[in-house]
Number of protein chains: 2
Amino acid sequence: MTGMPIDIAVALDAVVAAVSDDEPRVLVRSPGEHLPADALPAGTFDPDADATLDAGLRRWVTEQAQLDLGHLEQLYTFGDRGRDGRRRVLSVAYLAFVRESTPRAPRVRWHPWYRYFPWEDWRDGRPAIVEDAIFPAVEAWVAAATDPQARHDRQRRTRRAIGTRRAPWNEELVLERYELFWEIGLVAESRAPGPMLLGERMAFDHRRILATALGRVRGALRYRPLVFELLAPDFTLPELQQTVEALAGRRLHAPNFRRLVEDAGLVEPTGAARQTAGRPAKLLRYRPDAIAERPDAGIGFR
Amino acid sequence: MTGMPIDIAVALDAVVAAVSDDEPRVLVRSPGEHLPADALPAGTFDPDADATLDAGLRRWVTEQAQLDLGHLEQLYTFGDRGRDGRRRVLSVAYLAFVRESTPRAPRVRWHPWYRYFPWEDWRDGRPAIVEDAIFPAVEAWVAAATDPQARHDRQRRTRRAIGTRRAPWNEELVLERYELFWEIGLVAESRAPGPMLLGERMAFDHRRILATALGRVRGALRYRPLVFELLAPDFTLPELQQTVEALAGRRLHAPNFRRLVEDAGLVEPTGAARQTAGRPAKLLRYRPDAIAERPDAGIGFR
DNA sequence: CGGCTTTTTCTCATAGTTAGAAAAAGCACC
DNA sequence: GGTGCTTTTTCTAACTATGAGAAAAAGCCG
């Protein structure tokens with residue numbers, strides 16, 4: 001408003017997600033010359049070339065991955081890394097969904113999302129890593145606090161992020177967990193990484209961005225019809241359910257899931273059916289009018 | 001990633017909210033030399049002066065309004081106005097809550113939020129402006145679409161944003177409504193404003209930012225204990241309810257509200273009571289531990 | 001003490017959720 | 001062409017939450 005204008009380099013980072021073979025995947029650039037580890041598709045925002053942020057992002061993704069994005073949604077703007085010696089001081093992260101494995105450029109691949117966050121996939125029950133590695137490490141960290149106030153704070157933060165051994169684990173708090181692990185030194189990106197490192201590392205702060213994205217996806221799933229962008233135009237109810245389960249990271253009760261989706265008026269039968277090993281599943285299609293009728297329509301599972 | 005670095009001016013905009021006398025208020029700079037209308041506190045982000053975005057924002061707010069902010073939350077990054085002749089091409093908006101009328105600098109004042117959005121306050125039933133002005137104008141706009149496809153799209157968008165004459169109005173879709181009105185020319189900030197203008201105007205795109213904020217607040221109220229930052233440390237249940245009602249823009253059922261808050265374990269009695277014209281109200285205080293016990297604790301009214 | 005106001009407690013009908021059982025519809029194999 | 005296997009789909013019963021109203025409780029004012 002006042003004073004000299006100060007100009008800053010602005011980066012755009014893309015989290016491009018798909019689900020195939022019941023596995024959520026994310027588009028990453030493989031390590032290479034200037035990349036110490038997997039990185040998200042990204043580029044610099046140039047207002048002379050692109051009128052809007054998402055136009056710029058689309059151009060970078062097209063360039064780096066030969067991929068056209070559909071719906072795009074802003075995730076977060078990260079600005080606290082001006083001091084790390086790199087010129088870039090601001091980065092705006094976006095989230096996009098695409099259908100399945102689409103064309104791919106050379107140094108880009110689809111990588112299973114949970115490789116970066118093995119503790120987030122509870123579809124086959126609680127992952128061993130939680131009991132074996134995470135709980136002990138975090139408990140040790142809590143116990144290591146010297147003064148009682150600090151210990152209480154750590155206790156509280158822990159309870160929120162990962163619950164207790166028997167108490168609930170909130171699947172939406174992906175970012176809180178990652179940041180906790182970062183602070184304790186449980187991930188390779190930490191300022192002071194410890195001896196035990198969880199999940200695969202990424203370049204820069206990209207794993208943090210990815211954690212933000214997963215949390216956002218899990219929250220949005222409930223009250224917005226996001227999943228349908230990941231599916232082919234025709235799909236069966238079990239396919240829909242498995243896609244939701246893949247992202248939510250846990251199993252759902254099939255009869256209840258069906259009722260939820262049907263009562264929301266989100267889908268309509270195409271008339272056809274898909275053969276399976278058992279009873280054939282009816283094919284469905286998404287009904288976009290649902291969103292106008294009930295603006296909060298989503299798959300409100302819990 | 002590749003090519004020459006391109007630098008951009010980044011602005012920080014602050015939506016600072018408070019509730020006093022049952023009226024949500026927002027901190028604005030009054031019109032003046034370079035300001036055609038009310039504007040949000042704002043300034044340029046300078047990474048050399050401030051390590052993080054929110055540090056920069058805090059500094060600007062302190063400077064312009066002599067006010068210290070508590071909890072700060074990122075709202076959105078607006079980037080699509082590079083072509084309007086002004087140098088600033090990116091702005092990161094933040095949302096903050098403060099308790100009540102705190103100190104004020106000269107050209108800054110607390111202004112009732114609903115003056116900018118008179119159609120959003122349904123506490124005394126549906127505002128006359130909705131029936132008298134908004135419905136007719138929007139219906140005319142839908143009818144004015146020439147080809148059927150466009151009319152159908154407008155119909156759908158309208159249904160989502162403002163419902164129908166008898167059907168539900170979703171109080172969270174503040175931004176969708178503002179953007180609809182902007183497009184139709186119902187607000188002074190529109191590219192082509194019509195003869196009838198709704199609400200008070202603001203400078204730049206600040207009313208859009210404010211709409212984003214109100215929508216976010218209304219959504220977050222349900223599942224996060226935000227309100228407590230607006231209240232004095234001790235408060236009564238009716239005070240809490242009225243504050244929530246002020247933000248939500250509608251009335252709630254007192255007995256049910258009480259049950260909700262108490263069952264969530266969000267508050268505890270202080271032991272004291274506040275005199276009123278009727279039965280004295282018990283004083284309460286917020287119980288921060290609630291958030292650790294139930295990470296999604298909020299006032300889950302609907 | 002009786003009337004007034006406001007807070008607080010109670011109650012009840014309705015709606016939504018969880019969890020399990022079981023029926024239905026195909027295939028494969030004898 | 002039946003029998004068993006798998007998977008989808010329908011049904012049902014218990015439980016929990018929500019919406020709306022009645023009424024009790026606790027103060028003040030005259």
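Throughout, a chain's letter reflects where its sequence line sits, starting with A, and its residues are numbered from 1. Being a predicted model, the structure only gives us computed values, none of them experimental. Both backbone and side-chain heavy atoms feed into the values below; hydrogens, waters and symmetry mates do not.
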Practice problem: Take the protein atom CG of B:Leu284 and the nucleotide atom C1' of C:dT7, then report the distance between them rounded to whole Å. | Solution: 12 Å
Quiz item: Picking from C:dT8, D:dT7, C:dA21, which would you name as closest to the side chain of A:Ala277?
Solution: D:dT7
Quiz item: Which one, D:dT10, D:dT18, D:dA26, comes nearest to the side chain of B:Pro280?
Solution: D:dA26
Quiz prompt | Contact nearer the 5' end of DNA chain C, comparing B:Lys282 with B:Gly278 | solution = B:Gly278
Quiz item: C:dT17, D:dA22, C:dT6: which one has an atom nearest the side-chain heavy atoms of A:Leu260?
Solution: C:dT17
Quiz item: Which comes earlier along DNA chain C counting from the 5' end, the contact point of A:Thr276 or that of A:His253, where each point is its nearest nucleotide?
Solution: A:His253
Exercise. Round to a whole Å and report the spacing from CZ of B:Arg279 to P of D:dA23.
Key: 17 Å
Quiz item: Between B:Glu131 and B:Arg126, is there a side-chain N and carboxylate O pair less than 4.0 Å apart?
Solution: yes
Exercise. Could you check how far CZ of A:Phe257 sits from C1' of C:dT17, rounded to whole Å?
Key: 15 Å
Quiz item: Separation of A:Asn256 atom CG from D:dT10 atom P, in whole Å?
Solution: 14 Å
Practice problem: Ignoring backbone atoms, establish whether A:Arg258 has a side-chain N or O less than 4.0 Å from OP1 or OP2 of D:dT9. | Solution: yes
Self-check item: Parallel, tilted or perpendicular, as decided by the 30° and 60° cut-offs, for the rings of A:Phe181 and A:Trp119
Solution: perpendicular
Self-check item: Nearest-nucleotide pick for B:Pro255, side chain only, options being C:dT7, D:dA22, D:dT8
Solution: D:dA22
Practice problem: Look at the side chain of B:Arg259 and the base of D:dG19, then say whether one donor and one acceptor between them are separated by less than 3.5 Å. | Solution: yes
Quiz prompt | A:Arg222 CZ - C:dG16 C1' separation (whole Å) | solution = 16 Å
Quiz item: Hey, does the side chain of A:Gln275 come within less than 4.0 Å of C:dG26's phosphate (OP1/OP2), counting only N and O?
Solution: no
Quiz item: Picking from C:dA24, D:dA20, C:dT7, which would you name as closest to the side chain of B:Pro238?
Solution: C:dT7
Quiz item: Expressed in angstrom and rounded to an integer, what is the separation of A:Arg274 atom CZ from D:dT9 atom P?
Solution: 12 Å
Exercise. Would you mind reporting whether B:Leu69 and B:Tyr94 have side-chain heavy atoms less than 4.5 Å apart?
Key: no
Self-check item: Side chain B:Asp263 and base D:dA17 donor-acceptor under 3.5 Å
Solution: no
Exercise. Report the C-alpha separation of B:Tyr178 and B:Val174 in whole Å, then their side-chain angles, then the decisive distance to 0.1 Å, and conclude whether the side-chain contact (heavy atoms from CB on, under 4.5 Å) test is met.
Key: CA-CA 6 Å; B:Tyr178 178 75; B:Val174 183; 5.7 Å; no
Quiz item: Rounded to the Å, how far apart are A:Gln242 CD and D:dT7 P?
Solution: 10 Å
Self-check item: Note: A:Glu171-A:Arg177 ion pair, threshold 4.0 Å (strictly below)
Solution: no
Quiz item: Roughly how many Å is it from CD in B:Glu262 to C1' in C:dT9, rounded to a whole number?
Solution: 10 Å
